[in-house]
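First up is the structure itself, then whatever we jot down about it.
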There are 2 protein chains.
Amino acid sequence: MASKPSVSAHDVAERAGVSRSAVSRTFTPGASVAPETRERVLKAADELGYHVNHLARGLMRRESGIVCLIVSDAATPYRSALLRELTIHLQNAGKVVMLINTDRSDDSVGQALRQAIRYQADASIILSGLPDKSITQLCLKNGQRLVLINRDDDQPGPLKINLNDEEASSRIALAFERAGCRHVAFANSDARTPSLMARERGFSKAAEALGLEVTVERYGWTGYEAGKVLAHRLLTRKIRPEAVFCATDLLACGFMDAARHEFGLSIPGQLCVAGFDDIEQAGWESYQLTTFAQPLASIAEAAVSWLCSAPEETAMSVPSVLIEPQLIWRKSVRGG
Amino acid sequence: MASKPSVSAHDVAERAGVSRSAVSRTFTPGASVAPETRERVLKAADELGYHVNHLARGLMRRESGIVCLIVSDAATPYRSALLRELTIHLQNAGKVVMLINTDRSDDSVGQALRQAIRYQADASIILSGLPDKSITQLCLKNGQRLVLINRDDDQPGPLKINLNDEEASSRIALAFERAGCRHVAFANSDARTPSLMARERGFSKAAEALGLEVTVERYGWTGYEAGKVLAHRLLTRKIRPEAVFCATDLLACGFMDAARHEFGLSIPGQLCVAGFDDIEQAGWESYQLTTFAQPLASIAEAAVSWLCSAPEETAMSVPSVLIEPQLIWRKSVRGG
DNA sequence: TTGTACGCGTTATCAA
DNA sequence: TTGATAACGCGTACAA
């Protein structure tokens, strides 16, 4: 047995007694082929187990059907949920997903994009990191479309999908004020991602405008453990904040656990907590976290429809989409 | 500007003033090319932004470098963690990951495998569902290697990686008995996956052998919500079980939350709970769940090394790997 | 070491 | 509607 005994259109043509072109046409939607010929080809193909070789097809059509998803920390609840939504939408659009895991460095994103170019990806969607401008140009030059999700970048060319983090965050400040809190805090990671900083900014500004005392603390990476550390830092201050807005739900979960189990605080009785992302765990009985849901389906929808659209449409459209997060009231903030 | 203005080896050759094969050789490790020529080619390639076209290369080499990951419910904590481990290992091995999301039907897996064939994937790793035997044969016939993870199947050809679910589960029965529990229960989903059923079997048998009273309940899909429902069913019985082994951590989280917040039970004081998978949340302060860790790195390692190995090795090796889960003692079971 | 010529499996073009 | 032929970009046997 040969190493890769794959069956080609040639074999099918031979068996069906037609030309290679007839086989190709049979598998090309909208091509003109006689019903009877088509039938014969289909039969032969089935018997032989023939499948169109998309590598070769992509070579000819200059369109691989591959869309590259570039992401770090893909196993995180928020990221994996977004990934799922994108994957489903892409599959429904007839695209195939190539997944590239990066570390959190920008160089790593560059490497991923080069890989995407090598595989002639029709487009790449970037969920983490920010590519160098030269790499962006390289992608565009190679006919690859780019989508940046929550990456605050102003280069022309890529489609930019952003959440209105700042405006949303300001609403939490108002909610805290209505709950009767005077001293509030923002718990952030030290990742300093554009969206994280926008949330911090939106909250701080609004809180100050309302005359509240605002404390900001940043620590580590955006995960559960960092949330616990942030709780230690904020809850041991001389004036303990009465309400804390965490930059993400994962931070909020760690924060709440520390607040309850290590400081014995009741939520929302003694402490109000809010988060962002609406990960699945935010709805769990142990947390019941008031948070912002990212409309993941809308994000995926916007990304996929843009990268599947005709070139002329793409060139004309303003490549920027702003999406409104949705406030989900649960039980971690008084009032509501 | 043309639609896909990608730069080819021909362009590089022209600019460097060499033949096209010289370019090809420069990018083929281990090919003989003069250092000076190589230098010229590299320079021209860099200036033009040339990248080898892996579609064309795959066509020639009959090896695409693509490995297909077939999975349903990829956004689940356990699945996404396994996915991450596999992706990282594959990338380190120089492979590129194609992700295909399926629903839970076996037919859907078949469709995914056909897609893998169309893209000439070197291998497919199946995490969910079970392909029809004829499709398995089709893959093998097309020179595609197959890895089945936790899919209890006896077809020859694919590599089968399985956890020793049954033996592991029996150890929990012993732990419950040592904790002084007489009435125990197994909380399962109704998915009836081989691994889930093996856990049920292993636990039930061992518990009965120890002279314990065993109740088994099954409901819905393997998720948090099902865990809550299972808690309602089991905790409202005339004789309330003193210990419950949940088939997965996700079920256990839902179970614990319902037990505490709706039935007011203390864990492990009034109720012992154990889970399986060691998802991240199992270690969170709110759960501190005693559970089994799946050695994900070992699983990924085994899968990747096998599918990267030489054909002759593959043909000889017994394509089956049994991996031992590791018991993680936390605080949801008395004793330990 | 280098260049020429061919084949990989497909689609697009064109004449029949 | 059909079949022959030319690309697509690359690797490689072969000859130089």
Side-chain angles (χ1 to χ4, degrees), chain A residues 2-42 44-45 48-66 117-122 142-143, chain B residues 2-42 44-45 48-66 117-122 142-143:
Chain A
S3 63
K4 289 261 182 172
S6 122
V7 38
S8 76
H10 180 82
D11 307 326
V12 178
E14 212 165 43
R15 183 175 186 106
V18 297
S19 74
R20 282 172 292 273
S21 325
V23 178
S24 178
R25 277 192 277 265
T26 302
F27 291 97
T28 302
S32 75
V33 55
E36 194 231 356
T37 311
R38 188 187 149 78
E39 208 58 40
R40 286 234 305 280
V41 170
L42 248 33
L48 263 47
Y50 169 75
H51 290 257
V52 176
N53 185 333
H54 275 49
L55 264 45
R57 166 180 281 187
L59 205 53
M60 264 306 297
R61 290 200 180 158
R62 312 184 76 71
E63 184 175 340
S64 62
I66 296 174
I117 292 175
R118 283 192 278 265
Y119 278 92
Q120 305 287 101
D122 297 336
N142 282 60
Chain B
S3 64
K4 289 259 182 177
S6 112
V7 37
S8 75
H10 181 81
D11 307 326
V12 178
E14 213 165 43
R15 184 176 186 105
V18 297
S19 78
R20 205 179 44 74
S21 21
V23 178
S24 179
R25 277 191 276 262
T26 301
F27 290 97
T28 303
S32 78
V33 55
E36 195 233 354
T37 310
R38 186 187 152 78
E39 207 59 39
R40 287 235 305 282
V41 171
L42 248 33
L48 263 48
Y50 170 74
H51 289 257
V52 176
N53 185 332
H54 276 49
L55 264 45
R57 167 181 280 188
L59 207 53
M60 269 301 299
R61 290 201 182 157
R62 314 183 74 72
E63 185 176 339
S64 62
I66 296 173
I117 291 175
R118 284 192 277 266
Y119 277 94
Q120 305 288 102
D122 298 337
N142 282 59

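Convention: sequence-line order gives letters A, B, ...; per-chain numbering from 1.
- Among the heavy atoms of the strands lying under 4.0 Å from B:Val33 are primed sugar atoms or P, OP1, OP2 only; no base atom is included.
- Here A:Ser21 lies in heavy-atom contact (under 4.0 Å) with a base.
- Spacing between atom CD of B:Glu63 and atom C1' of C:dG9 amounts to 17 Å, rounded to whole angstrom units.
- Distances were taken from every side-chain heavy atom of B:Thr37 (C-beta onward) to each of C:dT11, C:dT1, C:dT13; the shortest belongs to C:dT1.
- D:dG11 atom P lies 11 Å from atom CG of B:Leu59, rounded to whole Å.
- B:Arg25 places its CZ atom 13 Å from the C1' atom of C:dA5, with the value rounded to the nearest Å.
- Contact check, A:Tyr50 against C:dT10: a side-chain N or O comes under 4.0 Å of OP1 or OP2.
- Counting heavy atoms from C-beta outward, A:Asn53 and B:Leu59 have side chains that approach closer than 4.5 Å.
- Relative to the side chain of A:Ala9, the nucleotides D:dC8, C:dT10, D:dC10 differ in distance, and C:dT10 lies closest.
- Distance from the side chain of A:Arg62 is smallest to D:dC8 among C:dG3, C:dG7, D:dC8.
- Protein atom CZ of B:Arg57 is 9 Å distant from nucleotide atom C1' of D:dC10, rounded to whole Å.
- Computed from coordinates, the B:Arg38 CZ to C:dT2 P distance equals 12 Å when rounded to whole Å.
- Proximity of a side-chain donor or acceptor of A:Thr26 to a complementary backbone N or O of A:Arg38 within less than 3.5 Å is not detected.
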### Task
Under the side chain to side chain contact (heavy atoms under 4.5 Å, CB included) rule, what do B:Tyr50 and B:Leu42 come out as? Steps first, then yes or no, please.
CA-CA 9 Å; B:Tyr50 170 74; B:Leu42 248 33; over 6 Å; no
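- In terms of position on DNA chain C, the residue among A:Ser8 and B:Arg20 whose nearest nucleotide sits closer to the 5' end is B:Arg20.
- Taking atom CG of A:Asn142 as the reference point, atom P of D:dG9 lies 11 Å away to the nearest angstrom.
- Between C:dC8, C:dT10, C:dC6, one nucleotide has an atom nearer to the side chain of B:Met60 than all others, and that is C:dC8.
- Nucleic acid contact for A:Ser24: base, since at least one base atom lies under 4.0 Å from a heavy atom of the residue.
- We find that CG of A:Asp11 is positioned 13 Å from C1' of C:dC8, with the value rounded to whole Å.
- If you measure from atom CD of B:Gln120 to atom P of D:dC10, you get 18 Å, rounded to the nearest angstrom.
- Across all strands, A:Phe27 comes closer than 4.0 Å to no nucleic acid atom at all (heavy-atom distances).
- Here C:dT10 is the nucleotide among D:dT2, C:dT10, D:dC10 with the atom lying nearest to any side-chain atom of A:Ala56.
- B:Arg20 and B:His10 are not linked by any side-chain donor-acceptor pair at a separation below 3.5 angstrom, with hydrogens and angles left out of the test.
- For B:Ser32, the side-chain atoms get nearest to C:dT1 when compared with the rest of D:dG3, C:dT1, C:dT11.
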### Message
For A:Thr28 and A:Arg61: C-alpha separation, side-chain torsions, deciding distance, then whether side chain to side chain contact (heavy atoms under 4.5 Å, CB included) applies.
### Response
CA-CA 12 Å; A:Thr28 302; A:Arg61 290 200 180 158; 3.9 Å; yes
